[in-house]
Enquirer: 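The structure that follows is given in the form of structure tokens.
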Amino acid sequence: MTAAGETALRVQVWFGEYTIADYIETPALAARYAEAMSTRFPSLRITVTPLPAADQISTPTARLWT
């Protein structure tokens with residue numbers, strides 16, 4: 001999850017035309033994940049794209065469960 005006002009990035013790992021992994025996180029963690037996936041799956045295509053503001057999830061300010 002991202003903090004309010006922080007841009008999220010979507011990292012996707014592709015096997016041909018199929019997405020086999022989809023990860024949304026802050027830029028620092030997304031870059032770390034993309035690097036790990038490129039090491040683990042060197043022959044697969046990995047894309048990193050900004051997530052549209054409407055699709056971003058912000059960190060809740062109140063606890064949602066007990």
Side-chain angles (χ1 to χ4, degrees):
M1 287 195 217
T2 62
E6 190 171 29
T7 303
L9 295 178
R10 169 179 255 158
V11 180
Q12 292 177 295
V13 180
W14 299 84
F15 184 75
E17 64 182 83
Y18 302 100
T19 303
I20 61 168
D22 193 354
Y23 183 72
I24 299 170
E25 194 50 79
T26 61
L29 291 176
R32 194 170 151 192
Y33 181 80
E35 184 178 345
M37 291 297 102
S38 66
T39 300
R40 178 76 170 103
F41 304 106
S43 63
L44 298 183
R45 181 171 55 109
I46 298 169
T47 59
V48 180
T49 55
L51 194 62
D55 293 337
Q56 291 189 28
I57 302 169
S58 61
T59 304
T61 56
R63 193 170 188 175
L64 301 176
W65 59 90
T66 58

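Atoms considered below: every heavy atom in the structure, side chains included; atoms not considered: hydrogens, waters and symmetry mates.
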Enquirer: Could you grab the distance from atom OG1 of Thr26 to atom CG of Leu9, nearest 0.5 Å is fine?
Expert: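 Going from the OG1 atom of Thr26 to the CG atom of Leu9 covers 8.0 Å.
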Enquirer: Return the OH to CD1 distance between Tyr33 and Ile46, rounded to the nearest 0.5 Å.
Expert: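 The OH atom of Tyr33 sits 8.5 Å away from the CD1 atom of Ile46.
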Enquirer: To the nearest 0.5 angstrom, please state how far the CG atom of Leu51 sits from the CD atom of Glu25.
Expert: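 With rounding to 0.5 Å, CG (Leu51) is 11.0 Å from CD (Glu25).
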Enquirer: At their closest point, which heavy atom of Arg10 faces which heavy atom of Asp22, and how far apart are they?
Expert: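 The pair with the smallest heavy-atom distance is NE-OD1, 2.9 Å.
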Enquirer: Name the one of Ile20, Thr47, Thr19 that satisfies side-chain contact (heavy atoms from CB on, under 4.5 Å) with Val13?
Expert: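 Only match with Val13 under side-chain contact (heavy atoms from CB on, under 4.5 Å): Ile20.
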Enquirer: If you measure from CH2 on Trp14 to CE on Met37, what distance do you get to the nearest 0.5 Å?
Expert: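 The distance works out to 16.0 Å.
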Enquirer: Rounded to the nearest 0.5 Å, how far apart are CD of Glu17 and CZ of Arg45?
Expert: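 Rounded to the nearest 0.5 Å, the CD-CZ separation comes out at 10.0 Å.
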Enquirer: In Å and rounded to the nearest 0.5 Å, what is the CD to CG distance from Gln12 to Leu44?
Expert: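 Spacing of CD (Gln12) from CG (Leu44) equals 13.0 Å.
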